[in-house]
2 protein chains.
Amino acid sequence: MKTAITPTRAENFSEWYQNLITAADLAENAPVRGCMTIKPYGWAIWELMRDELDKRIKAQGVQNAQFPLLIPINFFNKEAEHVAGFAKEAAVVTHYRLKAIDGVLQPDPDSKLTEPYIIRPTSETIIGDAMSRWVQSYRDLPLKLNQWVNVMRWEMRPRLFLRTSEFYWQEGHNAFATHEEANADARKMHKVYGDYMREVLSISSIMGEKTPEERFAGADHTYTLEHIMQDGKALQAGTSHDLGQHFSKSFGIQYLGTDGQLKHAWTTSWGVSTRMMGSLFMTHSDDDGLVLPPAVAPYQVVIIPITRDENADALNAYSEKLGEQLRDAGVRVLVDTSDMRAPDKMWKWIKRGVPLRVEIGAREMEENTVTITRRDLGKASKRTISDSELLSEVKNILKQIQQDMYDAVVERNKTMIHDVADLNELKVALENGRIGFFRIKNEQTQNEEFDGLMEKYKISRRCLDDNNPEYVYVAKSY
Amino acid sequence: MKTAITPTRAENFSEWYQNLITAADLAENAPVRGCMTIKPYGWAIWELMRDELDKRIKAQGVQNAQFPLLIPINFFNKEAEHVAGFAKEAAVVTHYRLKAIDGVLQPDPDSKLTEPYIIRPTSETIIGDAMSRWVQSYRDLPLKLNQWVNVMRWEMRPRLFLRTSEFYWQEGHNAFATHEEANADARKMHKVYGDYMREVLSISSIMGEKTPEERFAGADHTYTLEHIMQDGKALQAGTSHDLGQHFSKSFGIQYLGTDGQLKHAWTTSWGVSTRMMGSLFMTHSDDDGLVLPPAVAPYQVVIIPITRDENADALNAYSEKLGEQLRDAGVRVLVDTSDMRAPDKMWKWIKRGVPLRVEIGAREMEENTVTITRRDLGKASKRTISDSELLSEVKNILKQIQQDMYDAVVERNKTMIHDVADLNELKVALENGRIGFFRIKNEQTQNEEFDGLMEKYKISRRCLDDNNPEYVYVAKSY
């Protein structure tokens, strides 16, 4: 069977993903090393993802603010683990002026900065500095801040959405009077992300704590959300960190307690990024292109008039009118009256993952019916219903798609998680090319043999099993 | 009379502005040269400003996208006027890694970039490059793109919101088949900004074309919106540029016309930034602090229960209930049940410019009344009305405040614009310390004497008079 995307997932998952991004017109490589340009259709998806998550973050009592892009090196240097984690991928600003020298534009040597800046790879340091001024007494706590910004981590092997030098994210930074509150907050935001991914992205997350080896640079505890891609690899879609007093001690975030004593605060940070879009695309899409859950689809419904020369105007007008009625019902609708051929329009919107396709031909117009097809189920779901049924049912249909897509991921994940009793079983599974997550006792991995397997099969510890933290999930990852 | 902000505007406008920003908790200087940290209350205002403008931009058929932060120097170098305009304030990235050398963290010499990048001061170049790929045929035009991003122009004399090295803005970039369409678009977006500033920010703009001396680096025509501050100085609040074919020729934005010929497109760009917040604050505020138009006030109404020990719980609960009813009516409300003294609460929200203050004491609660005070009119507007009148009238009251604030600006502007017949009249006015905009025949300014006045009094040409382009507005500016 011919597919809209070649190669198919089964033939070459990695090339399929690349071609999917192009076919759905989501993004392209930028003429800046490791960076991407997010095209209008891709950015419209991100705006929907962002706005919904922003609401949920604000519902937690968090306030948005905006901190500088540049971070003085000496700030960055204050927390040893943190600097070790990020120094190797920092973009460094060293001059503040250009000058033509021998006809070539270059950094003006006279504008060299005494102290260089780095472009934020994350903002614990500069926000920690601000918190040291903003937090004075127990009355100022908890302090809950978030920002939606671009960050930069120099990337040698970039892949659109999954690993790019510049990416877009939200980073939340909260401060508390006690460790208990801070740890509860890190876990709470972890849960907020899990709920969001389930309800909005239709993705089921493996949620758990990172092992010490995989923790964020400067955290006491890192809670992660791991998604299982269709090729069985893990994608880390979000993390929430209990930072203990690492940053409050490095930056002097202190408060006067009710007892009159000066104490260091306890902080957390938590973030999700445009990487989550990579997960969204790789989780749901098929060999014909993107499949979007309705909650984040720029167009939830596309109406395609199947016109002939003699009825084009009437059919287009009829379709526009139906589109307007659907819009009034609160649905995001595109009526494609462009001058492409109808089959080309169909394939265009299949590739872009519009959840519900509505076709109207001469006969449908006459009979006041429409032919609808769900993107997630394809041809098998094609049926003809009355206009009035479409209007009254469209929201339920979209809700059903949202739920079915989630259920399908849950079902697939079940086939992707394998219990292994020991290293030998793990080894056999890997040798046989078994894909997915392997659940194993963590104590079984504390040896050189496991280190060897990690190296050989490019696997890593994804997280501990939340239900039984003696066990760890192991998988290849993006 | 004691004022909440000292010094007053009359005593020292510039210090008043600085203290206003602090008193309203809007922003602070960041520990990065020339940059600011926008605090939660300030950022909440920006989010409201941004969301409303974003809607209006999208209503023009513009799509949001996201382009890289970094621009290769060779891109930047392609348009000669453009590079001349921005090279002197460019932040330059020269390395991609840090390394501890002799114990000091510094740019790793082995990570030096063959070709440095600059942090975008604006994105005509990198978007021009993308357009050269995205535009192929007349069918791809018009192409209308916008992005909300941070940009950087190294600033030696920073001032919060008015001039900061990093600032936040939207930059729109449109491409057309003909010069006519492009010029009409530049004018159209100029008008969209003017309407937005009037309807949302309650600010009346002086709108007109920049003289050649003051054009954007690389534009054929620049249309500006100039605001008159209370000290008579101009603040350029937004610009829209007809870029002709400067960038389409530099970057090869070409399309195959209906006639089969390859032609260069015509482009525009248009932007407003967080600088507009500086105008918002300086235009409306008074000696007691910020005054916000309801459309961009994070809280449109603040309810302050005037509690005594014995009735605190009941009064707080009563106030919360009223707040909930106002929220149901679609109003942004804060009920301040914090443990500050009532007068302190009042002054806190006066300084932060909440448009309508609602006070409820024991007697009001008993009589089902509230005492309301408009921030823009102060004590004189204080009156007691029934709860039910507040609920039914609140939206009208807010609408009236929005309108009255605009009308007040229009009235004040009238006193700030002065016709001068010739250079001598201008000189006398400036010598006498007259503040405001001076309207003079542009031909009168084409000489060295005017250049001398510009230098001596730090005035500049703000824009041509839209109604009579023989005349130009001249003023000091921020």
Side-chain angles (χ1 to χ4, degrees), chain A residues 28 30-33 35-44 46-47 63-77 83 87-100 105-107 111 113 116-119 126 129-130 133-134 145 147 149-150 152 154 165-166 168, chain B residues 28 30-33 35-44 46-47 63-77 83 87-100 105-107 111 113 116-119 126 129-130 133-134 145 147 149-150 152 154 165-166 168:
Chain A
E28 64 180 28
V32 178
R33 171 145 192 103
C35 295
M36 63 178 161
T37 299
I38 303 186
K39 299 181 81 172
Y41 194 63
W43 193 254
W46 178 244
E47 286 188 349
Q63 296 182 294
N64 285 347
Q66 201 75 3
F67 295 87
L69 172 73
L70 300 183
I71 295 179
I73 285 193
N74 74 24
F75 272 42
F76 190 58
N77 210 3
V83 71
K88 287 195 180 144
E89 48 190 36
V92 196
V93 175
T94 55
H95 295 73
Y96 60 82
R97 199 162 59 214
L98 294 174
K99 190 180 179 181
L105 204 61
Q106 46 195 284
S111 76
L113 293 162
Y117 292 103
I118 62 164
I119 297 178
I126 200 136
D129 172 71
R133 288 185 301 279
W134 301 357
L145 301 169
Q147 63 174 357
V149 294
N150 52 345
M152 187 160 269
W154 212 261
S165 293
E166 183 184 18
Y168 308 93
Chain B
E28 64 180 27
V32 178
R33 170 143 195 105
C35 294
M36 64 178 160
T37 299
I38 303 186
K39 300 181 82 172
Y41 194 64
W43 193 254
W46 179 244
E47 287 188 349
Q63 296 182 294
N64 285 348
Q66 201 76 3
F67 296 86
L69 171 73
L70 299 183
I71 295 179
I73 286 193
N74 74 20
F75 272 41
F76 190 57
N77 209 2
V83 70
K88 287 195 179 142
E89 48 191 38
V92 195
V93 175
T94 55
H95 295 72
Y96 60 84
R97 200 163 59 215
L98 294 174
K99 190 180 178 179
L105 204 61
Q106 48 195 283
S111 76
L113 293 162
Y117 293 102
I118 62 164
I119 297 178
I126 200 135
D129 172 71
R133 286 185 302 278
W134 300 357
L145 301 169
Q147 63 174 357
V149 294
N150 52 345
M152 188 161 268
W154 212 261
S165 292
E166 183 184 18
Y168 308 93

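Order of the sequence lines sets the chain letters (A, B, ...), proteins ahead of strands, with each chain counted from 1.
Residue B:M152 touches chain A through its side chain alone, counting heavy-atom pairs closer than 4.5 Å. Heavy-atom distances place the side chain of B:E166, and not its backbone, under 4.5 Å from chain A. Contact annotation for B:Y117: only side-chain heavy atoms (C-beta onward) come within less than 4.5 Å of a heavy atom of chain A. Heavy atoms closer than 4.5 Å to chain A are found in the side chain of B:E28, but not in its backbone. Only the side chain of B:P116 comes within less than 4.5 Å of a heavy atom in chain A; its backbone stays farther off. With a 4.5 Å cut-off on non-hydrogen atoms, B:N64 touches chain A through its backbone and its side chain both. Only the side chain of B:V83 has a heavy atom closer than 4.5 Å to any heavy atom of chain A. Only the side chain of B:R133 comes within contact range of chain A, with at least one heavy atom under 4.5 Å from a heavy atom of that chain.
The choice from A:A30, A:A90, A:A100 that makes the most heavy-atom pairs within less than 4.5 Å of chain B is A:A90. In terms of non-hydrogen atom pairs under 4.5 Å with chain B, the most contact-rich of A:I118, A:I73, A:V149, A:D129 is A:I73. Of the listed residues A:N74, A:I126, A:V32, the one with more heavy-atom pairs under 4.5 angstrom with chain B than any other is A:V32.
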B:N77/A:L98 under side-chain contact (heavy atoms from CB on, under 4.5 Å): CA gap, chis, key distance, verdict: CA-CA 10 Å; B:N77 209 2; A:L98 294 174; over 6 Å; no
Can A:H95 and B:T94 be said to form a side-chain contact (heavy atoms from CB on, under 4.5 Å), step by step? CA-CA 8 Å; A:H95 295 73; B:T94 55; 4.1 Å; yes
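Taking each heavy atom of A:P31 and B:P72 in turn, the nearest pair found is O-CG, 3.5 Å. When all heavy atoms are compared, the tightest approach of B:A65 to A:I38 is CB-O, 3.4 Å.
Rounded to the nearest 0.5 angstrom, B:L69 CG and A:I119 CD1 are separated by 5.0 Å. In this structure, CD in B:Q66 is found 15.0 Å from NZ in A:K39, a value given to the nearest 0.5 Å.
Every residue two or more places apart in sequence or in another chain that forms a ring pair (Phe, Tyr, Trp, His ring centres under 6.0 Å) with A:F67 is listed here: A:W134. With sequence neighbours excluded, the residues forming a ring pair (Phe, Tyr, Trp, His ring centres under 6.0 Å) with A:Y168 are A:W43, listed by chain and number.
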